[in-house]
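The structure under discussion is supplied below as structure tokens; questions concerning it will follow.
Excluded from the calculations below are hydrogen atoms, water molecules and symmetry mates; all remaining heavy atoms, backbone and side chain alike, are included.
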Amino acid sequence: MKKVILVVVLAGLAIAGFFGMKFYKKYYTNNVSKDGYVLIPHGANFKQILDSIAPHVESKESFEAVAIDKSMNKFFKPGRYHFKKGASNTELVNLIKAGNQTENSFRIGDFGDVYQMVGKVTKKTEIDSLQFVKELDKIATDKGFTNAEDLKKYFFIDTYNFFWTVTPKEFYNKFENQYNEFWTSDRKNKEQKSGLSRDQIYSLASIVYKESGGKPDEMKTIAGLYLNRFRKGMKLQSDPTVIYAINKTNNFKNSIKRVLYKHLTTPSPYNTYANVGIPPGPICVVDKNSVDAVLEAESNDFIFMCADPEKFGYHKFTASAEQHAINAKAYQNWLNSKNIK
């Protein structure tokens with residue numbers, strides 16, 4: 001009798017162990033063999049989610065069973081989810097139910113216009129570029145602007161993190177908050193002393209950024225030079241404004257590498273060879289250094305600047321038209337020697 005009882009107990013333990021192992025394997029062992037990202041859009045149904053997940057898991061069936069057991073087939077949140085190698089079904093289901101999505105990294109560069117920027121940004125967002133632009137345009141008009149292009153000054157060059165599901169409103173709010181934080185009382189005092197409007201500051205900052213190539217070393221010197229020209233009533237004659245004027249006409253699809261004499265008459269309010277004064281808006285998204293450079297411009301007597309062929313990326317500055325002619329000739333010869341047209 002004792003032997004029978006022992007056999008029954010052992011058999012029961014074996015069965016319990018068998019099913020316990022199956023339960024443990026289904027819920028808690030690895031079901032992801034390599035890292036990857038799963039996108040779950042708004043409005044997705046459970047079948048669509050399973051189809052998206054299938055390439056990333058070793059057993060779609062076991063994931064589906066755990067998901068149903070945990071009601072993920074009814075309750076889930078859209079997003080971009082990182083499926084880490086070694087993750088279990090329970091971890092994956094909890095991840096999606098909680099909406100613990102992974103942010104994307106966005107690089108906001110010196111885009112010529114907001115629409116160009118949106119085209120890059122929406123490669124990493126759920127919302128497509130047309131809808132994104134439509135909603136940014138509405139934000140702009142609600143603020144009294146013409147369209148999203150008038151929001152350019154609110155953006156700063158940098159790297160930012162956003163969720164794949166970010167809305168245009170959430171996207172813009174992040175930059176507007178940063179903009180408001182940037183304009184401290186100290187900067188507002190410098191703005192007032194400069195005698196420039198906020199829009200003029202950003203327009204000059206964009207010229208400073210482009211002329212300096214984004215390097216802070218020369219920014220304050222360049223800012224001082226252009227302020228000298230502006231206050232003397234001279235044309236600013238900045239090559240990047242000509243490039244911008246040309247690029248804007250073809251929606252930034254092509255870009256010239258060298259400004260030629262024929263380009264200087266390009267009809268555009270942004271062309272500072274054709275017009276006196278500061279352009280009506282920035283020619284690119286700027287960084288914080290370039291705005292500060294305008295607010296803290298170097299006091300100098302420079303009127304002319306020319307790229308320095310002996311120090312790539314930097315310039316030669318002078319107050320002399322004669323010396324500038326010499327510097328410009330040296331630079332033109334260098335361009336010709338490199339066959340840059």
_Sidechain-backbone polar pair: Asn275 side chain, Tyr270 backbone, donor-acceptor under 3.5 Å_ =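 No; zero donor-acceptor contacts below 3.5 Å.
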
*asked:* I'd like to know if Leu92 and Ile68 are part of one continuous hydrophobic network [Ile/Leu/Val/Met/Phe/Trp/Tyr, side-chain heavy atoms within less than 4.5 Å].
replied: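 Linked, Ile68 and Leu92 end up in one cluster.
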
*Is the backbone N or O of Lys97 less than 3.5 Å from a side-chain atom of Lys70, with the two atoms forming a donor-acceptor pair by type?*
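Judged by distance alone, no pair lies under 3.5 Å.
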
*Checking side chain to side chain contact (heavy atoms under 4.5 Å, CB included) for the pair Phe171/Phe155: CA distance, chi angles, key distance, verdict?*
CA-CA 10 Å; Phe171 181 81; Phe155 302 100; 3.7 Å; yes

_Under 4.0 Å between a side-chain nitrogen and a carboxylate oxygen: does that hold for Asp199 and Lys153?_
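Yes.
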
_Separation between CG of Asn73 and CZ of Phe76, rounded to the nearest 0.5 Å_ = 8.5 Å

*Which atom pair, heavy atoms only, marks the closest approach of Ile127 to Phe132?*
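In terms of heavy atoms, the two residues are closest at CG2-N, 3.7 Å.
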
*asked:* Which label fits Phe312 and Trp334: parallel for a plane angle under 30°, tilted from 30 to 60°, or perpendicular past 60°?
replied: tilted

*asked:* Can a donor-acceptor pair be found, under 3.5 Å and without considering hydrogens, that links the side chain of Gln101 to the backbone of Arg80?
replied: yes

*Is a salt bridge present between Asp292 and Lys288, judged by a nitrogen-to-oxygen distance below 4.0 Å?*
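Salt bridge flag = no for Lys288 with Asp292.
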
_Would you say the rings of Tyr37 and Phe83 are close, in the sense that their centroids are separated by under 6.0 Å?_
no

*Would you give the length of the straight line joining atom NE2 of His315 to atom CE of Met305, rounded to the nearest 0.5 angstrom?*
3.5 Å

*Of the options Val259, Ile283, Thr266, which is the one that meets Ile243 in a side-chain contact (heavy atoms from CB on, under 4.5 Å)?*
Val259

*Short question: side chain of Asp137, backbone of Ala148 - any donor-acceptor pair under 3.5 Å?*
yes

*When rounded to the nearest 0.5 angstrom, what is the spacing between CG in Leu227 and CG in Leu196?*
6.0 Å

*For the student: nearest non-hydrogen atoms of Ser194 and Ile201, plus distance*: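 Ser194 and Ile201 have their closest heavy atoms at OG-CD1, 4.2 Å.
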
*Nearest 0.5 Å please: distance from the OH atom of Tyr179 over to the CG atom of Asn173.*
15.0 Å

_Please evaluate residues Thr318 and Asn327 with respect to the criterion side chain to side chain contact (heavy atoms under 4.5 Å, CB included), reporting the C-alpha separation (whole Å), side-chain torsions for both, the decisive distance (0.1 Å), and the verdict._
CA-CA 9 Å; Thr318 182; Asn327 294 342; 4.3 Å; yes

*Mark yes or no: Lys215 above the aromatic ring of Tyr314, with NZ or CZ under 6.0 Å from the six-membered ring centre and no more than 45 degrees from the axis.*
yes

*Hey, are Tyr273 and Asp239 close enough side-chain-wise for a donor-acceptor pair under 3.5 Å?*
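The criterion, which ignores hydrogens and geometry beyond distance, is satisfied for Tyr273 and Asp239.
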
*Scan residues 169-181 for pairs that pass salt bridge (Lys or Arg N to Asp or Glu O under 4.0 Å), counting only residues two or more places apart or in two chains.*
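For residues 169-181: Lys143-Glu176.
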
*Are Glu211 and Ser238 linked by a side-chain donor-acceptor pair shorter than 3.5 Å?*
yes

*pair Val114-Leu136: side-chain heavy atoms closer than 4.5 Å*: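 They are in side-chain contact.
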
*Should Pro55 and Val38 count as side-chain neighbours, where that means a heavy-atom distance under 4.5 Å?*
no

*Is the backbone of Ser105 close enough, under 3.5 Å, to the side chain of Lys124 for a donor and an acceptor to pair up by distance?*
yes

*With the side chain counted from C-beta on, respond yes when Glu58 and Val32 share a heavy-atom pair under 4.5 Å apart, and no when they do not.*
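Of all side-chain heavy-atom pairs linking Val32 with Glu58, none is under 4.5 Å.
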
*Are Phe175 and Phe156 in one and the same hydrophobic cluster, where Ile, Leu, Val, Met, Phe, Trp and Tyr link if side-chain heavy atoms are under 4.5 Å apart?*
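Yes, one cluster joins them.
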
*Can you check side chain to side chain contact (heavy atoms under 4.5 Å, CB included) on Thr29 and Asn89, steps first, answer last?*
CA-CA 8 Å; Thr29 59; Asn89 287 325; over 6 Å; no

*asked:* Looking at Lys248, I'd like to know if its NZ atom is crowded, meaning that more than 12 non-hydrogen atoms belonging to other residues, nucleotides or ligands lie closer than 6.0 Å.
replied: yes

_Quick one, Asp287 and Met219 - any side-chain contact, counting heavy atoms below 4.5 Å?_
yes

_Heavy-atom closest pair, residues Gly281 and Ser203_ = C-OG, 3.0 Å

*Among the clusters formed by ILVMFWY side chains lying less than 4.5 Å apart, do Trp164 and Val133 turn up in the same one?*
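They do not share one cluster, since no chain of ILVMFWY contacts under 4.5 Å joins Trp164 to Val133.
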
*Honestly, is Arg187 close enough over Phe182, meaning NZ or CZ under 6.0 Å from the six-membered ring centre and within 45° of the axis?*
yes

*asked:* For the backbone of Ile53 and the side chain of His56, can you confirm whether one donor and one acceptor N or O come within less than 3.5 Å of each other?
replied: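 Judged by distance alone, no pair lies under 3.5 Å.
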
*What are the two closest non-hydrogen atoms of Ser290 and Val208, and how far apart are they?*
CB-CG1, 4.5 Å

*Would a distance-only check, ignoring hydrogens and angles, find a side-chain to backbone donor-acceptor pair under 3.5 Å from Thr241 to Thr272?*
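Judged by distance alone, yes, a pair lies under 3.5 Å.
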
*Would you call Glu103 and Phe162 a side-chain contact if the rule is heavy atoms closer than 4.5 Å?*
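Sidechains of Phe162 and Glu103: no contact.
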
_To check you understand the geometry: which heavy-atom pair defines the closest contact between Thr221 and Asn300, and what is its length?_
O-ND2, 3.4 Å

*Check the side chains of Gln332 and Asn336 for a donor-acceptor pair under 3.5 angstrom, ignoring hydrogens and angles.*
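No donor-acceptor contact under 3.5 Å links the two side chains.
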
*Are the charged groups of Lys210 and Asp110 less than 4.0 angstrom apart, N to O?*
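Salt bridge flag = yes for Asp110 with Lys210.
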
*Between Leu39 and Ile49, is there a shared hydrophobic cluster once you connect ILVMFWY residues whose side-chain heavy atoms come closer than 4.5 Å?*
no

*Is the backbone of Gly112 close enough, under 3.5 Å, to the side chain of Gln116 for a donor and an acceptor to pair up by distance?*
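Yes.
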
*Which pair of heavy atoms, one from His42 and one from Pro78, lies closest together, and at what distance?*
NE2-CG, 3.4 Å

*Does the side chain of Phe163 come within less than 4.5 Å of Thr102's, by heavy atoms?*
no

_So, taking the atom named CG in Asp113 and the one named CZ in Phe111, what distance separates them when rounded to the nearest 0.5 Å?_
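Rounded to the nearest 0.5 Å, the CG-CZ separation comes out at 10.0 Å.
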
*Can you check whether Lys77 reaches Ile96 side chain to side chain, under 4.5 Å on heavy atoms?*
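Side-chain contact under 4.5 Å: no.
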
_From CA spacing to verdict: side chain to side chain contact (heavy atoms under 4.5 Å, CB included), Cys284, Tyr209_ = CA-CA 8 Å; Cys284 69; Tyr209 184 85; 4.3 Å; yes

_Joint hydrophobic cluster, Ile246 plus Tyr261, side-chain heavy atoms closer than 4.5 Å_ =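 Yes, Ile246 and Tyr261 fall within the same hydrophobic cluster.
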
*Rounded to the nearest 0.5 Å, what's the gap from CG on Leu95 to NZ on Lys84? Could you check?*
8.5 Å

*Would you check if Val285 and Ile108 make a side-chain contact, meaning some heavy-atom pair closer than 4.5 Å?*
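Side chain of Val285 against side chain of Ile108, heavy atoms only: contact under 4.5 Å found.
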
*Given the side-chain rings of Tyr160 and Phe106, with only the six-membered ring counted for Trp, is the space between their centroids under 6.0 Å?*
no

*asked:* Against Phe317, only a single residue in Phe304, Phe302, Tyr226 fulfils ring-ring contact (aromatic ring centres under 6.0 Å, His included); can you say which?
replied: Phe302

_Using modelled atom types and a 3.5 Å cut-off, is there a donor and acceptor pairing between side-chain atoms of Asn247 and backbone atoms of Phe252?_
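Side chain of Asn247 to backbone of Phe252, a donor-acceptor pair under 3.5 Å: no, none is there.
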
*asked:* I'd like to know if the side chain of Glu191 reaches the main chain of Leu295, judged simply by a donor and an acceptor atom lying under 3.5 Å from each other, with no hydrogens or angles considered.
replied: no

